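Everything quoted here is computed from the prediction, not taken from an experiment.
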Amino acid sequence: MTKKLDFKKIFETIKKHLKDFFRILPNVVVPLIIMVFIQNFFGANNSTIGVVLIFVCMLKVNQLKNIKTYLQMSLILVIISILASIASLNIYTSIVLNLIVPFAIIFLTTSKQTVSNYFLYGHEYIMMQSYPITISEIPLRILSVIVALTLCYIFMKIYNRKVKIEENLVSDFDLIVYNIKNFKTELNFKIPRIRFAVRASLILWITCVFMDLVTDRTVRSYWLPLITYSCLEIDSQKQKSKLLTQIGGAVIGIGVFILIFNWIPTNSLIIFMAFAFTALFTVENQYLKKAIGTILGMSFVIPSLGEVGAISLRYLYVLGAILIIAIFEYLRKFVRRIEAEVF
């Protein structure tokens, strides 16, 4: 017997998603406006902070407990932007910092209860390397990040003034201080999150250095590190699931992008990005999330790479990310098997 469609339930689901969409939309539009502002006043090399601010607005509302916690979080973001800028100076700084910094970010910003807390900071570290700068331009980048974070705070404080924030929530800064003070006990390689930090830092080191070696330093696509980073998980099964959704999402996203690209006016690209980013945080299906992420990534580089170049590189980097993670997953299982036999 064919099951009848529950139109009321369908309507309620659509209504809920639309409500979420328009609730989230300002958290995307304002950072994108800040991105355009930074681009016009501080240069395109510093505009990527706008994308980082979207994740700040979506993931770090809890840091609005008071001005102190927001300033502390802002200090972390400024320091990471400086380290990313230094890493992008040349291949030598890339080799050193891209091994140390990702490990430090994961170790310092996570705990047993907050194993995924590193995401924003690692994402910023990779994004800020996508536009390399010279050492003389670092002060301007610092200023642009400070200005962007200040504007973001004003917006978040106004828009989220009715949001209830847990008073006893540990701030990211307090977590970093705790991990530094207790590094002798916390820096234990038997702890899963520390093992993950080592694995993730090695993977990001390989992908970042590879991109430095093979891509143009004036405009670098950091797709390979970003795609790899987004697929990393401390849990093996969750990581496998992310890899599968990454493949499916890439196929769907590229297909949709081919269909809609010629219909998007160049001067309306920022509006398209606003709706796409909002949809990214609204939809629950992981394949759709990855598809939207694929479309967004391609819309950023299409002006410089062209349609064919963007599509080809996207497929190449997705396959590259999957291959690298699969190799490290095999090595992880091999090491654990050896440990089990020895100990």
* Answer yes when Lys112 and Glu186 have at least one side-chain N-carboxylate O distance shorter than 4.0 Å, and no when they do not. =>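 Result for this pair is no, no salt bridge flagged.
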For residues [X] and [Y], is any side-chain donor paired with an opposing acceptor at under 3.5 Å?
{"X": "Asp212", "Y": "Ser94", "answer": "yes"}
{"X": "Ser171", "Y": "Asp174", "answer": "yes"}
{"X": "Asn46", "Y": "Glu137", "answer": "no"}
{"X": "Asn117", "Y": "Lys60", "answer": "yes"}
{"X": "Ser236", "Y": "Glu329", "answer": "yes"}

* What do you reckon, is CD1 of Ile191 surrounded by more than 12 foreign heavy atoms closer than 6.0 Å? ->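 Counting neighbours around CD1 of Ile191, more than 12 heavy atoms of other residues, nucleotides or ligands fall under 6.0 Å, so yes.
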* Compute the ring centroids of Phe196 and Phe103, then answer whether they are less than 6.0 Å apart. =>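 No.
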* Does Val96 sit in a hydrophobic cluster with other residues, and if so which ones, taking ILVMFWY side chains as linked at heavy-atom separations under 4.5 Å, directly or through other members? ->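 Members other than Val96 - counting any ILVMFWY side chain reachable under 4.5 Å - are Ile100.
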* Asked: For the side chain of Arg141 and the backbone of Asn45, is there at least one donor-acceptor N/O pair under 3.5 Å apart?
  ->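 Indeed, once roles are kept as given, a pair shorter than 3.5 Å links the two residues.
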* hydrophobic_cluster_shared for Leu89 and Ile91, side chain cutoff 4.5 Å ->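 Both belong to a single hydrophobic cluster.
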* Under the side-chain hydrogen bond (donor to acceptor under 3.5 Å, both in side chains) rule, what pairs show up with a residue in residues 241-260, not counting sequence neighbours? ->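 Checked against side-chain hydrogen bond (donor to acceptor under 3.5 Å, both in side chains) - neighbours excluded - the pairs reaching residues 241-260 are Glu233-Lys242.
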